[in-house]
Engineer: 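Can you read through this structure? Questions will come right after.
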Amino acid sequence: MDERFQGLPFGPADILLPQNCDLTKWSVVACDQYTSQPEYWQRVERFVGSAPSALHLILPESSLDGPNVETDIMDVTNTMSRYLREGVFRTCPDALIYVERTLDSGKVRRGLVGMVDLEAYDYEPGSTARIRATEGTVLSRIPPRVAVRKNAPVELPHVMLLADDPDGTVIEPLYAAAERLEKCYDFELMEHSGHLRGWLLDDAEKGRVARALHALADPAAFRARYGAEDVLLFAVGDGNHSLATAKACYERLKDITPPEQWAGLPARYALVELVNLHDSTLEFEPIHRVLFGIDPQVLLTDLKNAHPGAYEGVGEEGHVLRYVWEQGSGAITVPRPEATLPAATLQTFLDRWLSVHRGRIDYIHGAEVARSLADQPGNLAFLLPAMDKESLFPAVLRHGALPRKTFSMGEAQDKRFYLEGRKIR
């Protein structure tokens with residue numbers, strides 16, 4: 001690794017980029033999106049066809065429980081190996097890539113692609129690692145993903161890490177530098193998801209980024225700012241379960257590898273995109289809950305009974321849980337809640353309720369999609385409020401990981417698209 005990044009959990013990587021192919025067909029949205037909208041993935045399959053594409057290198061989350069999942073995983077692994085043999089990728093050695101993602105709204109989100117050291121990441125509650133989960137990790141979701149990754153020769157990331165950099169010292173200066181950097185891609189994304197451009201950092205910019213990250217990671221500066229001893233340099237904004245899967249695969253390899261060889265394991269690192277929490281285009285959107293195959297009236301009654309003093313209607317104090325179903329809409333107010341956030345109050349109840357009742361839950365980006373799903377018999381949607389992004393780092397430092405699916409960085413079409421890769425075997 002570049003010595004200037006010594007001591008940091010983020011740095012340059014040997015990045016794989018697709019070449020001699022249609023990048024619009026290559027780049028597809030994160031695998032955990034549109035899980036209750038199979039028609040989206042069907043459209044993508046028709047559009048891509050047999051062309052080289054990241055679609056053939058991932059397994060949409062909706063397919064993880066499918067009847068042919070083992071065959072699907074073998075197909076993904078074999079296609080990765082074939083793409084490597086056939087020269088579909090070119091390698092950008094020791095690279096950092098500055099990314100500009102123009103969203104469908106016209107706003108531009110800026111990021112920096114590099115790799116993180118998984119020794120510095122921990123998703124366990126109470127972690128003091130420099131890279132931490134912002135939301136609770138569902139351990140049952142890791143093994144299916146491990147099955148996909150454990151034999152894969154290549155990773156394609158949709159992980160986005162957040163840096164609390166209010167002065168814009170790491171990524172923002174790259175906007176002015178881009179005109180003299182080598183552009184490595186510039187294309188339209190599918191499904192009205194905007195535009196993507198990327199530039200390879202030169203040696204001078206890599207050095208400047210390293211200095212800026214060292215300053216953010218300085219323990220004394222961090223203690224003065226947050227009053228905390230353990231530096232939280234990066235918080236996982238998107239893709240925590242993917243990063244947790246990478247960690248699990250690395251830990252498995254450590255069990256059969258001498259410690260002196262751990263640093264040389266490609267699986268010790270994971271490719272990510274780093275984004276400034278204070279990027280003006282970065283908006284925290286709520287993630288709504290939709291229940292399928294239930295009796296909505298029974299659930300709503302049980303929700304009120306589970307919280308002393310809870311009542312129908314919007315109160316001035318407490319957590320207001322708004323719901324929609326085929327017979328209309330309403331709200332339940334939970335006064336004097338034990339949890340800090342409405343999402344925690346609701347999720348704690350839903351986890352208990354679903355453990356003893358039939359039905360399933362999905363996490364939906366976009367209120368209109370949630371409403372449309374709730375309009376079907378046996379379904380019920382809870383529409384949650386957005387979280388203030390400025391409170392994220394203080395909340396994680398004070399309380400640890402937030403309840404899972406507490407927030408989303410933009411709606412589904414704004415999520416990270418797969419493009420870059422890295423060899424992990």
Side-chain angles (χ1 to χ4, degrees), residues 1 5 7-13 15 30 32 95-101 109-124 127-137 155-166 168-172 174 198 201 206 209-210 212-217 222 226 230-247 250 268-279 281-284 387 389-390 392-397 400-402 404 406-410 414-422 424:
M1 178 181 282
F5 290 84
L8 291 170
F10 177 89
I15 297 177
D32 57 352
L96 292 173
I97 298 178
Y98 168 57
V99 175
E100 288 186 353
R101 168 73 179 277
R109 184 177 69 218
R110 298 175 172 86
L112 183 63
V113 176
M115 70 180 185
V116 290
D117 185 348
L118 293 171
E119 286 285 356
Y121 162 69
D122 187 3
Y123 56 81
E124 295 291 344
S127 168
T128 58
R130 287 180 292 173
I131 306 173
R132 302 177 209 172
T134 54
E135 299 179 332
T137 303
E155 66 169 352
L156 288 91
H158 72 262
V159 177
M160 295 177 70
L161 297 188
L162 299 174
D164 194 357
D165 183 18
T169 62
V170 178
I171 298 171
E172 283 71 12
L174 294 169
L201 269 62
K206 284 193 282 189
V209 165
L213 287 174
H214 277 295
L216 279 184
F222 191 86
Y226 296 101
D230 298 302
V231 174
L232 171 57
L233 184 58
F234 304 134
V236 183
D238 263 344
N240 182 64
H241 286 91
S242 291
L243 201 58
T245 298
K247 176 81 167 181
Y250 169 53
R268 173 170 172 160
Y269 306 91
L271 208 59
V272 302
E273 180 179 344
L274 182 62
V275 178
N276 187 1
L277 176 67
H278 301 274
D279 188 301
T281 68
L282 189 63
E283 298 178 358
F284 277 16
M387 175 186 175
K389 71 177 184 178
E390 306 293 336
L392 179 64
F393 272 62
V396 172
L397 285 166
L402 305 173
R404 69 181 184 276
T406 297
F407 68 92
S408 169
M409 299 193 321
D414 299 333
K415 295 297 179 178
R416 191 171 207 282
F417 271 54
Y418 298 108
L419 177 62
E420 306 88 354
R422 189 181 70 89
I424 55 175

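Here the structure is a predicted model, which is why all the values come from computation and not from measurement.
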Engineer: Is the side chain of Lys247 donor-acceptor paired with the backbone N or O of Leu118 at a distance under 3.5 Å, no angle test?
Structural biologist: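 Looks like yes, one N/O pair under 3.5 Å.
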
Engineer: Find the distance between CZ (Phe393) and OG1 (Thr134) and round it off to the nearest 0.5 Å.
Structural biologist: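 Reported to 0.5 Å precision, the distance equals 9.0 Å.
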
Engineer: Nearest 0.5 Å, please: how far is OG in Ser127 from CG in Leu232?
Structural biologist: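 The OG atom of Ser127 is 8.5 Å from CG of Leu232, to the nearest 0.5 Å.
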
Engineer: Between the side chains of Asp117 and Tyr250, is a donor N or O closer than 3.5 angstrom to an acceptor N or O?
Structural biologist: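 Asp117 vs Tyr250: no donor-acceptor pair found between side chains.
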
Engineer: Rounded at 0.5 Å granularity, tell me how far CG in Leu201 sits from CG in Leu96.
Structural biologist: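 Going from the CG atom of Leu201 to the CG atom of Leu96 covers 5.5 Å.
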
Engineer: Check whether any side-chain heavy atom of Glu420 lies under 4.5 Å from a side-chain heavy atom of Val99, and answer yes or no.
Structural biologist: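 The answer is yes; the side chains approach within 4.5 Å.
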
Engineer: To check you understand the geometry: which heavy-atom pair defines the closest contact between Ala120 and Ala129, and what is its length?
Structural biologist: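 Reported closest heavy-atom pair: O-CB, 3.4 Å.
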
Engineer: Please report the closest heavy-atom contact between Gly198 and Ile97, naming both atoms and the distance.
Structural biologist: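 So the two residues come closest at CA-CG2, 4.1 Å.
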
Engineer: For a 4.5 angstrom cut-off between non-hydrogen side-chain atoms, does Tyr269 reach Arg422?
Structural biologist: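 When only atoms from C-beta onward are counted, Arg422 and Tyr269 do touch, with a gap below 4.5 Å.
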
Engineer: Compare all side-chain heavy atoms of Met160 with those of Val272 and state whether any distance is below 4.5 angstrom.
Structural biologist: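 No, side chains not in contact.
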
Engineer: Quick one: closest heavy-atom pair of Leu213 and Val170, and the distance?
Structural biologist: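 For Leu213 and Val170, the tightest heavy-atom pair comes out as CD2-CG2, 3.9 Å.
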
Engineer: Answer yes or no: is there an ion pair linking Asp238 with Lys415, defined by an N-O contact shorter than 4.0 Å?
Structural biologist: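 Yes, Asp238 and Lys415 are salt-bridged.
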
Engineer: Return the CG to CG distance between Leu216 and Asp164, rounded to the nearest 0.5 Å.
Structural biologist: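 Nearest 0.5 Å value for the CG-CG distance: 8.5 Å.
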
Engineer: Decide yes or no for Val113 and Tyr98: does some side-chain heavy atom of the first lie under 4.5 Å from some side-chain heavy atom of the second?
Structural biologist: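 Result no, sub-4.5 Å side-chain heavy-atom pair not found.
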
Engineer: Would you mind checking if Arg416 and Glu273 are paired as a salt bridge, meaning a charged N to carboxylate O distance below 4.0 Å?
Structural biologist: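 Looking at Glu273 and Arg416, the cut-off is met.
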
Engineer: OG1 of Thr281 to CZ of Arg110: how many Å apart, nearest 0.5 Å?
Structural biologist: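 Here the rounded value is 7.5 Å.
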
Engineer: What are the two closest heavy atoms between Glu172 and Asp165, and how far apart are they?
Structural biologist: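 In this case the closest contact between Glu172 and Asp165 is OE1-OD2, 4.3 Å.
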
Engineer: Is any side-chain heavy atom of Leu8 closer than 4.5 Å to one of His214?
Structural biologist: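 They are in side-chain contact.
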
Engineer: Please work out whether the ring planes of Phe10 and Phe234 are parallel, tilted or perpendicular, with thresholds of 30° and 60°.
Structural biologist: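 Perpendicular, since the angle between the ring planes exceeds 60°.
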
Engineer: Take His278 and Glu390 through the side chain to side chain contact (heavy atoms under 4.5 Å, CB included) test and state the conclusion after the steps.
Structural biologist: CA-CA 8 Å; His278 301 274; Glu390 306 293 336; 3.1 Å; yes

Engineer: Parallel, tilted or perpendicular: which describes the rings of Tyr418 and His158, with under 30° parallel and over 60° perpendicular?
Structural biologist: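 Geometry flag for His158 against Tyr418: perpendicular rings.
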
Engineer: OH/Tyr123 to CD/Glu135 distance, rounded to the nearest 0.5 angstrom?
Structural biologist: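 Nearest 0.5 Å value for the OH-CD distance: 15.5 Å.
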
Engineer: What I'd like to find out is whether the side chain of Tyr121 reaches to under 4.5 Å of the side chain of Pro9, using heavy atoms alone.
Structural biologist: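 A side-chain contact is absent here, since even the closest heavy-atom pair is not under 4.5 Å.
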
Engineer: Are any non-hydrogen side-chain atoms of Pro12 and Lys206 less than 4.5 angstrom apart?
Structural biologist: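 Yes, close enough: below the 4.5 Å cut-off.
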
Engineer: Do the charged groups of Arg132 and Asp122 touch, with an N to O distance under 4.0 Å?
Structural biologist: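 Salt bridge: no.
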
Engineer: Locate the shortest heavy-atom distance separating Leu402 from Ala395; write the atom from each residue and the value.
Structural biologist: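 Looks like CD2-CB, 4.1 Å.
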
Engineer: Given the rule in the side chain to side chain contact (heavy atoms under 4.5 Å, CB included) test, do Phe407 and Leu392 qualify, once you have shown the distances and angles that lead to the verdict?
Structural biologist: CA-CA 10 Å; Phe407 68 92; Leu392 179 64; 3.8 Å; yes

Engineer: Quick check: closest heavy atoms across Leu174 and Leu112, and the distance to 0.1 Å?
Structural biologist: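 Nearest pair, atom of Leu174 first, then Leu112: CD1-CD1, 3.9 Å.
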
Engineer: Report yes if the side chains of Arg268 and Glu119 come closer than 4.5 Å at any heavy-atom pair, otherwise no.
Structural biologist: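 Answer yes - side chains close enough.
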
